[in-house]
Amino acid sequence: MRFSRLAVWVMAAMVCLTGTLITGSAAAADSKEIAAPVLQKLDNATCQSCHDGKQGKLEVPGAQGEKRALYEVNQDKYAKSVHSRMECIACHKEITDSVTPHQKAPDAKKVECAQCHLDLWEAAKQKNRTQEKLRLGIVVENIAAYNKSFHARENKHKPGKVNASCNECHNVHSFDVPPRGTAERKEWHLTVPNVCGKCHTDELADWTASVHGKEVTEKHNVKSAVCTDCHTTHGVADPAKDAAKLAITTNCGGCHAERLKTYTKTYHGQVNTLGYAYTAKCFDCHGSHSIQPSGDPKSKLHQNNRLKTCQQCHEGATKGFTKFEPHGTSHDFVRYPFIWIASKFMLLFLAGIFAFFWSHTALWFYREYKERDERKARPHVKTDELLDGKFKDKHYQRFPLIWRIAHLILALSLMILALTGMSVLYADTTWAPAVMHWLGGPKVAAVIHRTFAALLAMVFFVQLIYFVIHIARNRRTFDWFGPNSLVPRRQDVWDIVAMIKWFFGLGPRPVFDRWTYWEKFDYWAPFAAVTLIGASGVMLLFPNVTAAFLPGWVFNVATIFHGEEALLAVLFVFTVHFFNNHYRPDKFPLDVAMFTGSMRLELFKDEHRVEYNRLVASGELEKYLVDAPSQPMTLGAKILGFTLIAFGLLLLVFVLIGIYGGVTGA
């Protein structure tokens, strides 16, 4: 029994000793395994011993015992990448050992591509080495664009993760974008769709089947559009946002410059140029990713599909819409004969009008300025007893109140129409977007434009009705070509000849009756302008009705007539009309007769001598005479007159800037 108990104690002691030795050995072994990685150098060779892409699919046990894929790095591609000279742990700073899974430092940040490049750029700036690091500077610019992009936003389906990170597009372990301008860069450019297509699979499929995709995949055409040509590279915006739509439209012009140029001359393009995206853009008509040639039955612009495409925006569009020329140009008679004819006609018409009247203005200024100086050099003696007798300080009542109101409405309407219309016509100027924003946008501007157009038309229709009634009542005594009629007559021709002779010093200054030839032109020209501008404007205002009876190219022609005739009116009024009535030496700086309704009797005699003499001879002069306007009335007329002139001159400057830009391409 004793032996047995002793044997048990001995055996127990041996077991304990053995366990202690075994445990100590195991602990020592574990200690060596943990210590080894700390002592082991974490160089790229060590990292690649596990993350070697050549070994095929790599898996390690996960946190829950499941298989977890190990990130694979292709050593050959990495060796050729821009990061090949870097140590893995230069980016993966959280890795401190080579065990699986890694024992990561708790306070270390994860890989941050953008911050690393920003730090490098700051270091380069501090060392004044930015010129040596130009590509790094481009990377920094791309980072700034990316941070504002749609890709940098948080993914709504995966909180805490962005829509697309640097590595998802570039693969930082094989990243090697060739320099711009090289053949390698062009080849690399063709691989972009496959990168984008990893996430945008449907869009890739549509693009691959499109005319752009076929050019790339089948013909290896390096000039054909890939994703980044339209959406940009790092500054990719949400395509549902206006800014992205406008940018994509502009980017289409990178390849299709001439087509973009002709598009911007249409109302669709002008609104787009102003910075508003609600009108039709390239992809609305041509499609976006699945663009096909217009002759392809699948194209949105195929003759069988075109009307449906127009109806996307123009609900109820009729067949005439399909004949509209969105890229029509006045420089191609063969393809666009009606546009060419309309454009050249208006060009010659405007040239003829301004050649005569601007020459007339220049010669008049020269002759009147010269004679004014001569009159100042000699004493002035009144010889008319009426001007120095009982009619002294009297005014001649030239314009009744209704005429003055009509003139004011006409002036205001013309200026507002010019402001709203020219802001669209010259959308590519620096001032037009600012004015359009101030007006509240093209939609609000269109309402304002049409409102004042209707007001202007009302003035002319009321005037026509008045004249019809007046002539009807006095049909037996009305003298169509009499001195009080605004109808042009033979005497106007002789007055023009006499005026030209006076310009060149070949005759005395002519005297005129109640209405001069230039006043008659000022009166009748707006009638012609309103007729042409109004008719074309109504056609554009009601396109469905217009296209139901006329072909779509009529819209192109109507746009030319509407814009060019409006330009004629603006330039004529703010140069020739303003000169005739305000700027010429005998009138400068302002004639308030149209605002007060009357003019000094002496001035009336000088400017309308024939009528003055007739009224004196018939004894009717006195019934047209009134007292001089009151001081408040005169002051108010001057303030109103100078305000209108200032506004008109501002509009003239705007228009001249637009014309200059159109001529020079600036």
Side-chain angles (χ1 to χ4, degrees), residues 44 47-48 51-54 71-88 90-91 111 113-114 116-118 120-121 124 129-146 149 151-152 164-201 203-205 207-236 247-248 250-257 289 291:
N44 288 1
C47 297
Q48 290 175 356
H51 296 275
D52 187 359
K54 293 183 178 181
Y71 194 90
E72 304 172 12
V73 178
N74 187 307
Q75 295 184 36
D76 292 337
K77 291 183 178 179
Y78 178 73
K80 297 177 182 178
S81 73
V82 294
H83 298 137
S84 61
R85 296 182 181 180
M86 295 177 60
E87 294 291 334
C88 302
C91 292
V111 178
C113 301
C116 179
H117 289 89
L118 291 174
L120 290 171
W121 183 245
R129 297 183 62 190
T130 54
Q131 291 301 314
E132 303 174 28
K133 305 284 186 178
L134 293 179
R135 291 195 69 182
L136 179 59
I138 295 173
V139 172
V140 171
E141 292 176 1
N142 291 339
I143 291 171
Y146 167 79
S149 74
H151 283 158
S165 65
C166 307
N167 187 56
E168 288 174 303
C169 297
H170 293 295
N171 190 333
V172 296
H173 296 95
S174 59
F175 183 68
D176 183 29
V177 178
R180 295 180 184 274
T182 63
E184 292 78 6
R185 177 61 173 251
K186 294 179 180 179
E187 290 296 321
W188 170 85
H189 189 66
L190 299 180
T191 67
V192 169
N194 293 329
V195 175
C196 299
K198 290 187 296 184
C199 295
H200 305 283
T201 54
E203 288 78 5
L204 177 62
W207 175 85
T208 303
S210 74
V211 63
H212 290 148
K214 290 177 181 177
E215 286 290 318
V216 171
T217 59
E218 297 177 8
K219 300 181 181 180
H220 211 63
N221 184 355
V222 295
K223 295 182 179 181
S224 185
V226 298
C227 314
T228 52
D229 290 315
C230 301
H231 295 279
T232 72
T233 51
H234 297 87
V236 179
I248 291 171
T250 301
N251 291 339
C252 291
C255 297
H256 308 283
H289 300 97
I291 299 173

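Scope of the values below: all heavy atoms of this structure, side chains included, with no hydrogens, waters or symmetry mates.
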Any side-chain donor-acceptor pair under 3.5 Å between H220 and E187? yes

Pairs flagged by side chain to side chain donor-acceptor pair (under 3.5 Å) wherever residues 177-186 is involved - sequence neighbours left out: none

I'd like to check the side chain to side chain contact (heavy atoms under 4.5 Å, CB included) partners of [X]; sequence neighbours left out, ordered by chain and number.
X: I138; result: N142
X: S224; result: H212, E215, V216, N221
X: C227; result: V192, P193, C196
X: N167; result: Y71, S165, N171, V172

Measure from the side-chain N and O atoms of N44 to the backbone N and O of M86, and report whether any donor-acceptor pair falls under 3.5 Å. yes

So does K80 get a backbone contact from the side chain of S84, meaning a donor-acceptor N/O pair under 3.5 Å? no

With sequence neighbours left out, what residues match [X] under salt bridge (Lys or Arg N to Asp or Glu O under 4.0 Å)?
X: E168; answer: K161
X: R129; answer: E132
X: K223; answer: none

For [X] and [Y], which heavy atoms make the closest approach, and how far apart are they?
X: G235; Y: T232; result: C-OG1, 3.4 Å
X: A209; Y: K214; result: O-CE, 3.2 Å
X: H83; Y: Y78; result: O-OH, 3.0 Å

Evaluate whether atom NZ of K198 has more than 12 neighbouring non-hydrogen atoms of other residues, nucleotides or ligands under 6.0 angstrom away. yes

Is it true that, when you exclude K133 itself, more than 12 heavy atoms of the residues, nucleotides or ligands shown sit nearer than 6.0 Å to its NZ? no

Rounded at 0.5 Å granularity, tell me how far [atom1] in [X] sits from [atom2] in [Y].
X: H200; Y: W207; atom1: NE2; atom2: CH2; value: 14.0 Å
X: H117; Y: C166; atom1: NE2; atom2: SG; value: 8.0 Å
X: L120; Y: L136; atom1: CG; atom2: CG; value: 6.0 Å
X: Y146; Y: C169; atom1: OH; atom2: SG; value: 8.0 Å
X: C47; Y: Q75; atom1: SG; atom2: CD; value: 11.0 Å

Can you list the residues that meet the side-chain hydrogen bond (donor to acceptor under 3.5 Å, both in side chains) rule with [X], with sequence neighbours excluded?
X: E203; answer: none
X: H189; answer: D229
X: H256; answer: none

Under the ring pair (Phe, Tyr, Trp, His ring centres under 6.0 Å) test, residues paired with H170 that sit two or more places apart: F175, H234

